[in-house]
Amino acid sequence: MKLDFVGEKGFALYKLLDLGDIIGVKGYLFRTRTNELSIHVEEIHFLAKDLLPLPEKWHGLQDVELRYRQRYVDLVMNEDVRKVFVARSKVVSAIRRFLDSRGFIEVETPMMQPLAGGAAARPFTTHHNTLDIDLYLRIAPELYLKRLTVGGLDRVYEINRNFRNEGISTQHNPEFTMLEFYQAYADYRVLMDLTEELLAQVARDVNGTTKTTFNGHEIDFGDWQRLSMREAIIKYWPGAAGAKPHMSDFVDAKTVGALVKRLHDAKIHNMPYDPAEPAGKTIAAMFEAVAEEHLIQPTILYDFPVAISPLSKNKPDEPDWVERFELFVGGLEIGNAFSELNDPEEQRRRFEQQLNEKERGDEEAHAMDEDYIRALSYGMPPAGGEGIGIDRLTMLLTGSRSIRDVILFPLLRPLQPGEIDAADSEEEAAPSTPNDK
RNA sequence: GAGCGCGUAGCUCAGUCGGUAGAGCAACGCACUUUUAAUGCGUGGGUCGCAGGUUCGAUUCCUGCCGCGCUCACCA
């Protein structure tokens with residue numbers, strides 16, 4: 001920047017610039033004595049003014065609340081944050097590339113649904129005025145995507161938002177992004193192989209390697225273990241609770257109850273237990289209490305109890321169990337898949353069981369969906385379906401410990417805008433009602 | 001929803017065993033025409049999250065509230 005080249009006016013402008021202003025320059029590139037790439041400016045144009053002071057350059061913006069509330073400032077100041085969101089974009093494009101190359105087509109199904117189905121979660125409710133009906137923001141696209149396989153769209157996927165009216169944590173945001181895909185004439189074994197390939201490829205596309213570091217652990221998306229839920233309970237059974245269970249301990253409520261008693265007696269896990277609930281529910285809770293935290297390296301956890309899987313196909317040789325698996329990486333649950341139940345009669349019985357659970361007080365039990373049963377009655381091909389949480393996958397691939405670090409605008413409680421201003425003006429405008437309620 | 005922690009200048013942070021606050025950077029002004037976070041000199045900037053209580057006096061102690069974080073609960 002030299003007076004001789006930009007003229008009086010340009011130099012005067014230059015002197016008025018502040019940190020954060022946006023300018024355009026014309027000139028040529030050169031290297032300074034210290035070999036720093038620079039621009040020899042011959043013309044300078046003023047493009048935009050930064051009126052609010054930016055945080056200091058050296059420390060950047062570190063206040064987490066401000067980083068989430070004013071993400072634009074976070075992005076300006078912190079290059080690492082920009083890299084995370086670039087990586088997130090690569091995650092999504094890599095998934096699309098992978099699925100597109102295998103003949104899947106991307107579709108869009110309703111976000112507002114008259115019944116919130118396809119998962120077990122409390123929905124958000126909204127209202128359409130003209131039709132005068134309540135609608136739910138979807139908790140999953142599942143039942144609509146499977147209707148498409150009835151219609152002959154054999155390989156479909158959707159990457160979009162789900163909404164669940166539940167708690168917020170480092171692993172939960174009320175709106176989050178899910179990949180769901182369905183492949184006709186495949187079962188959960190096929191999906192296990194496909195999943196391993198998909199996630200290894202995504203990791204390579206994003207980071208150039210299948211390895212990533214998360215929460216102090218090196219994780220290799222190219223190296224998976226497969227464990228059944230019962231095997232996992234056995235493998236991680238705590239020594240304080242006595243000898244490891246056998247497969248025969250999982251057959252009915254009586255033997256499962258005995259296992260729970262051993263855990264409770266050992267006082268090392270406070271797992272919830274309701275003797276009236278189906279044994280399958282208890283077994284799933286036992287898995288969570290005993291084994292889930294140990295699943296750091298990529299794990300396919302397969303074969304789930306039918307009691308917690310209303311949409312999955314039974315195992316042919318074990319009717320109380322279904323062909324279903326979940327993905328655990330870094331201690332996070334990042335995916336859920338199963339051979340889809342395509343028998344309308346069995347599906348009706350499953351919904352009826354869910355209604356019983358609802359009667360027992362389970363708010364998240366699945367609702368009866370008559371149109372879905374009708375769709376199955378037209379013949380749904382056997383299919384495998386899977387959902388993968390994009391936010392959590394991105395957390396793993398970017399080493400982000402909080403889901404808020406991979407969502408551009410995570411949900412925070414809004415500040416009352418102008419709270420102070422309003423208080424001031426109220427005092428001036430209406431000072432006479434101190435005890436008014 | 002529960003427990004714990006945090007909230008001081010635009011940012012990053014000190015500090016006050018209770019006597020209304022400081023630094024660095026940023027901003028502004030002047031000088032310098034150059035450095036790769038940080039040139040020099042000077043100046044301005046804070047109802048110490050909000051509201052009560054105790055006290056002669058509260059940013060500091062106590063209570064409540066608000067916001068955020070962590071853990072737990074909840075979360076197929």
Side-chain angles (χ1 to χ4, degrees), chain A residues 1-6 11 14-21 31-38 41 50-70 73-74 76-79 116-123 139-140 142 162-174 176 178 180 229 270-272 280-281 284-285 287-288 292 301 304-312 322 324-327 332-333 335-338 350 354 357 362-366 385-387 389 392 401-405 410-416 419-420 423-424 434:
Chain A
M1 192 73 208
K2 284 195 172 150
L3 177 58
D4 310 351
F5 294 94
V6 296
F11 200 76
Y14 162 70
K15 298 202 60 159
L16 285 172
L17 293 177
D18 293 317
L19 189 64
D21 291 349
R31 289 193 179 272
T32 64
R33 275 171 297 157
T34 51
N35 205 33
E36 187 68 28
L37 193 60
S38 307
V41 178
D50 174 19
L51 294 175
L52 295 173
L54 287 169
E56 110 181 68
K57 192 173 170 186
W58 182 243
H59 291 92
L61 182 65
Q62 296 183 355
D63 183 294
V64 286
E65 183 176 352
L66 279 182
R67 286 188 42 229
Y68 299 148
R69 287 195 191 280
Q70 302 182 28
V73 179
D74 189 28
V76 167
M77 295 308 300
N78 298 324
E79 191 183 352
R122 289 154 66 183
I139 57 176
E142 169 147 356
N162 289 344
F163 306 86
R164 298 185 184 178
N165 203 342
E166 318 233 344
I168 296 174
S169 78
T170 49
Q171 294 165 48
H172 300 86
N173 195 61
F176 63 100
M178 182 96 112
E180 276 206 24
M229 179 180 280
N270 57 340
M271 68 160 284
K281 267 197 171 179
F287 160 76
E288 287 175 23
E292 186 171 3
L301 185 91
F304 277 61
V306 67
I308 58 163
S309 312
L311 303 167
S312 309
V322 296
R324 172 179 171 189
F325 67 87
E326 288 191 348
L327 308 173
L332 300 179
E333 181 198 326
N336 180 31
F338 36 88
R350 298 284 188 84
Q354 289 292 307
E357 288 299 295
D362 183 348
E363 281 186 73
E364 297 177 348
H366 209 291
E386 179 163 342
R392 290 183 183 175
R401 276 197 296 265
S402 170
I403 199 168
R404 294 176 211 108
D405 291 327
L411 184 64
L412 298 182
R413 192 181 293 278
L415 297 177
Q416 291 87 343
E419 188 181 49
I420 295 165
D424 288 348

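Protein chains get the first letters and strands the later ones, always in sequence-line order, with residue 1 at the start of each.
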statement: Among the nucleotides B/C70, B/C11, B/C68, whichever has the atom closest to the side chain of A/Glu65 is B/C68
message: Rounding to an integer number of Å, can you tell me how far A/His59 NE2 sits from B/A23 P?
response: 17 Å
message: With rounding to the closest Å, how many angstrom separate the C1' atoms on B/A26 and B/U12?
response: 11 Å
task: Side chain of A/Asp63 only, please: which of B/C70, B/A76, B/U12 is the nearest?
output: B/U12
- prompt: Can you tell me how far P in B/G24 sits from the matching atom in B/U63, rounded to whole Å?
  reply: 37 Å
- prompt: What is the distance from NZ of A/Lys281 to C1' of B/C74, rounded to the nearest Å?
  reply: 14 Å
query: Which part of the nucleic acid does A/Thr170 contact within heavy-atom distance under 4.0 Å: base, sugar-phosphate only, or nothing?
result: sugar-phosphate
- request: For nucleotides B/G44 and B/G19, find the distance between their P atoms and express it as a whole number of Å.
  value: 25 Å
field: Atom pair distance, as rounded to whole Å: CG in A/Leu52 and C1' in B/G45
entry: 16 Å
message: Could you tell me if A/Asn336 and A/Arg324 have a donor-acceptor pair between their side chains, going purely by distance under 3.5 Å?
response: yes
- prompt: In terms of the nearest nucleotide of RNA chain B, which residue is placed more toward the 5' end: A/Glu364 or A/Leu411?
  reply: A/Leu411
- prompt: Which part of the nucleic acid does A/Gly387 contact within heavy-atom distance under 4.0 Å: base, sugar-phosphate only, or nothing?
  reply: nothing
query: Reckon A/Arg324 has a side-chain N or O less than 4.0 Å from the OP1 or OP2 of B/A76?
result: no
message: Using the P atom as the point on both nucleotides, what is the distance between B/A73 and B/U60, in whole Å?
response: 35 Å
- prompt: When you compare B/A2 with B/A76, how far apart are their C1' atoms, in angstrom units rounded to a whole number?
  reply: 25 Å
task: Find the distance A/Ile168:CD1 to B/C68:C1' and express it as a whole number of Å.
output: 12 Å
- request: Both distances under 3.5 Å, Watson-Crick or G-U wobble: on that basis, could you give the dot-bracket string for RNA chain B, with [ ] for crossing pairs and | for other-strand partners?
  value: (((((((..((((.....[..)))).(((((.......))))).....(((((..]....))))))))))))....
- line: CD1 of A/Ile168 to CZ of A/Arg404, rounded to nearest 0.5 Å, is 7.0 Å
query: Between A/Met229 (CE) and B/A76 (P), how many Å, whole number?
result: 12 Å
- prompt: Where the side chain of A/Arg164 is defined as all heavy atoms beyond and including C-beta, which of B/A76, B/U71, B/C68 is the nearest nucleotide?
  reply: B/A76
message: As an exercise, state the distance from CG of A/Asp362 to CD1 of A/Ile308, rounded to the nearest 0.5 Å.
response: 11.5 Å
- request: Measure from CZ on A/Phe325 to C1' on B/A76 and round the result to the nearest Å.
  value: 14 Å
message: Rounded at 0.5 Å granularity, tell me how far CD in A/Glu363 sits from CD in A/Glu357.
response: 13.5 Å
task: Could you work out which one of B/C68, B/C74, B/C70 sits closest to the side chain of A/Val64?
output: B/C68
statement: Note: for A/Trp58 and A/Glu326 on RNA chain B, the residue whose nearest nucleotide lies more 5' is A/Trp58
field: Atom pair CD (A/Glu333) and CZ (A/Arg392), whose distance is rounded to the nearest 0.5 Å
entry: 6.0 Å
task: Any chance you could measure A/His366, atom NE2, to A/Ile139, atom CD1, to the nearest 0.5 Å?
output: 6.5 Å
task: Look at the side chain of A/Arg69 and decide which nucleotide, out of B/C11, B/A76, B/C68, has an atom nearest to it.
output: B/C68
task: For B/G7 and B/A14, measure between their P atoms and round to the nearest Å.
output: 9 Å
- request: With P as the reference atom in both, quote the distance from B/C66 to B/A51 in angstrom, rounded to an integer.
  value: 15 Å
query: Picking from B/C68, B/C11, B/A76, which would you name as closest to the side chain of A/Leu66?
result: B/C11
field: P spacing across the pair B/U59 / B/C17, given as an integer number of angstrom
entry: 15 Å
CZ/A/Arg69: more than 12 non-hydrogen atoms of other groups inside 6.0 Å: yes
Short side-chain N/O contact to B/C74 OP1/OP2 from A/Gln171, under 4.0 Å: no
- prompt: Can you tell me how far P of B/G10 sits from CG of A/Leu54, to the nearest Å?
  reply: 14 Å
query: Considering only side-chain heavy atoms of A/Gln62, which listed nucleotide, B/U12, B/C11, B/A76, is closest?
result: B/U12
task: Mind calculating the distance between CG (A/Leu61) and P (B/A9) to the nearest angstrom?
output: 14 Å
query: Under 4.0 Å: is that the gap between some side-chain N or O of A/Arg404 and OP1 or OP2 of B/G69?
result: yes
task: State whether the side chain of A/Asp74 and the backbone N or O of A/Tyr68 hold a donor-acceptor pair below 3.5 Å, judged by distance alone.
output: no
- prompt: Do A/Pro55 and A/Val73 have side chains that get closer than 4.5 Å, going by heavy atoms?
  reply: yes
query: With sugar-phosphate meaning primed atoms plus P, OP1 and OP2, does A/Ala121 contact a base, only sugar-phosphate, or nothing at under 4.0 Å between heavy atoms?
result: nothing
statement: Note: A/Met178 and A/Arg164 closest approach over all heavy atoms is CE-NH2, 4.1 Å
